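Values reported hereafter were calculated over all heavy atoms of this structure, with side chains retained and with hydrogens, waters and symmetry mates removed. What you see is a predicted model, and the numbers here were worked out from it, not measured in a lab.
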Amino acid sequence: MPVSLFLALFLPCAGMSAIFLVYICLLCYSARASNGDDRQFRAPVKAIQNSGLSASDLQKLAAVTGKDLVMGSDCAICLDDIESQQPARMVPGCNHGFHLECADAWLSKNSICPVCRGKIPLTNA
């Protein structure tokens, strides 16, 4: 009887202790990986490529006023309205319009339309 009572109390305690040790090991592993101690678990960093338009390419794009825009009068870059007399830039192909400064800042870093993500066709500009 004392042996069966001992096993009835010892086996659950031993099992819970084993589960607790596995849990602690997983926490330590996770903390090391998130702190960067294990370099093998880091994701490779993609090199930043400047795929924007040059200043000469930006000058080739149509500069209009806010009243000449075809696809609405909201600038999707700064989320402000384009007034009728403000200078604006219209993207060729999709005809989306933006404030001139907003469009030039965006297009100098990205060669795609910020609304539809279409590639800027420079041959038609």
Side-chain angles (χ1 to χ4, degrees):
M1 178 78 162
V3 173
S4 63
L5 182 63
F6 175 74
L7 289 178
L9 294 176
F10 176 74
L11 288 180
C13 290
M16 292 298 287
S17 297
I19 291 172
F20 181 72
L21 286 174
V22 169
Y23 177 72
I24 294 297
C25 289
L26 288 175
L27 281 178
C28 291
Y29 174 78
S30 174
R32 271 190 305 158
S34 67
N35 287 339
D37 291 342
D38 290 319
R39 299 196 188 279
Q40 65 185 2
F41 298 111
R42 284 189 185 175
V45 177
K46 183 178 177 183
I48 298 173
Q49 298 175 351
N50 186 6
S51 60
L53 303 179
S54 65
S56 62
D57 290 337
L58 286 173
Q59 295 303 319
K60 295 177 186 177
L61 299 178
V64 296
T65 59
K67 65 182 176 185
D68 298 328
L69 293 177
V70 178
M71 301 289 290
S73 64
D74 293 333
C75 178
I77 299 171
C78 70
L79 304 176
D80 199 8
D81 289 334
I82 303 172
E83 302 296 327
S84 62
Q85 297 303 318
Q86 282 183 318
R89 174 110 33 224
M90 193 162 34
V91 177
C94 61
N95 293 329
H96 289 122
F98 311 97
H99 289 113
L100 186 68
E101 298 86 16
C102 297
D104 288 353
W106 173 270
L107 294 173
S108 67
K109 295 181 179 108
N110 307 290
S111 61
I112 57 174
C113 175
V115 174
C116 64
R117 302 291 186 190
K119 184 97 172 120
I120 306 294
L122 292 176
T123 56
N124 297 338

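Using a 4.5 Å heavy-atom cutoff, the side chains of P87 and H99 are not in contact. The closest side-chain heavy-atom distance from D104 to F98 is not below 4.5 Å. Counting heavy atoms from C-beta outward, W106 and C78 have side chains that stay 4.5 Å or more apart. Between I19 and Y23 the shortest side-chain heavy-atom distance does not fall below 4.5 Å.
Judged by distance alone, the side chain of R89 and the main-chain N or O of E101 form no donor-acceptor pair under 3.5 Å. In this structure a side-chain-to-backbone donor-acceptor pair under 3.5 Å is present from Q86 to E83.
Atom-to-atom distance recorded for I120:CD1 and N110:CG is 9.5 Å, nearest 0.5 angstrom. Once rounded to the nearest 0.5 Å, the distance linking CD of Q85 with NZ of K67 reads 5.0 Å. Here the OG atom belonging to S111 is positioned 8.5 Å from the CG atom belonging to L107, to the nearest 0.5 angstrom. One distance of note links OG of S54 with CD of Q59; it measures 9.5 Å at 0.5 Å rounding. Between the OG atom of S84 and the CG atom of L69 there is a distance of 10.5 Å, given to the nearest 0.5 Å.
Contact detail for S108 and L58: the closest heavy-atom pair is CB-CD1, 4.4 Å. Scanning all heavy atoms of the two residues, the minimum distance from A8 to P12 falls at O-CD, 3.1 Å. Nearest heavy atom pair, residue C102 against residue I77, reads O-CD1, 3.4 Å. In terms of heavy-atom proximity, P121 sits nearest to P92 at CD-O, 3.4 Å.
Note on L27 and V22: separate hydrophobic clusters, where clusters join Ile, Leu, Val, Met, Phe, Trp and Tyr whose side-chain heavy atoms are under 4.5 Å apart, directly or indirectly. Hydrophobic clustering keeps L100 apart from V64 (ILVMFWY residues linked when any side-chain heavy atoms are closer than 4.5 Å, directly or through intermediates).
Listed by first then second residue, pairs satisfying side-chain hydrogen bond (donor to acceptor under 3.5 Å, both in side chains) with a partner in residues 68-82 read T65-D68, not counting sequence neighbours.
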Exercise. Decide yes or no on side chain to side chain contact (heavy atoms under 4.5 Å, CB included) for L61 and L53, but give the supporting numbers first.
Key: CA-CA 10 Å; L61 299 178; L53 303 179; 4.0 Å; yes
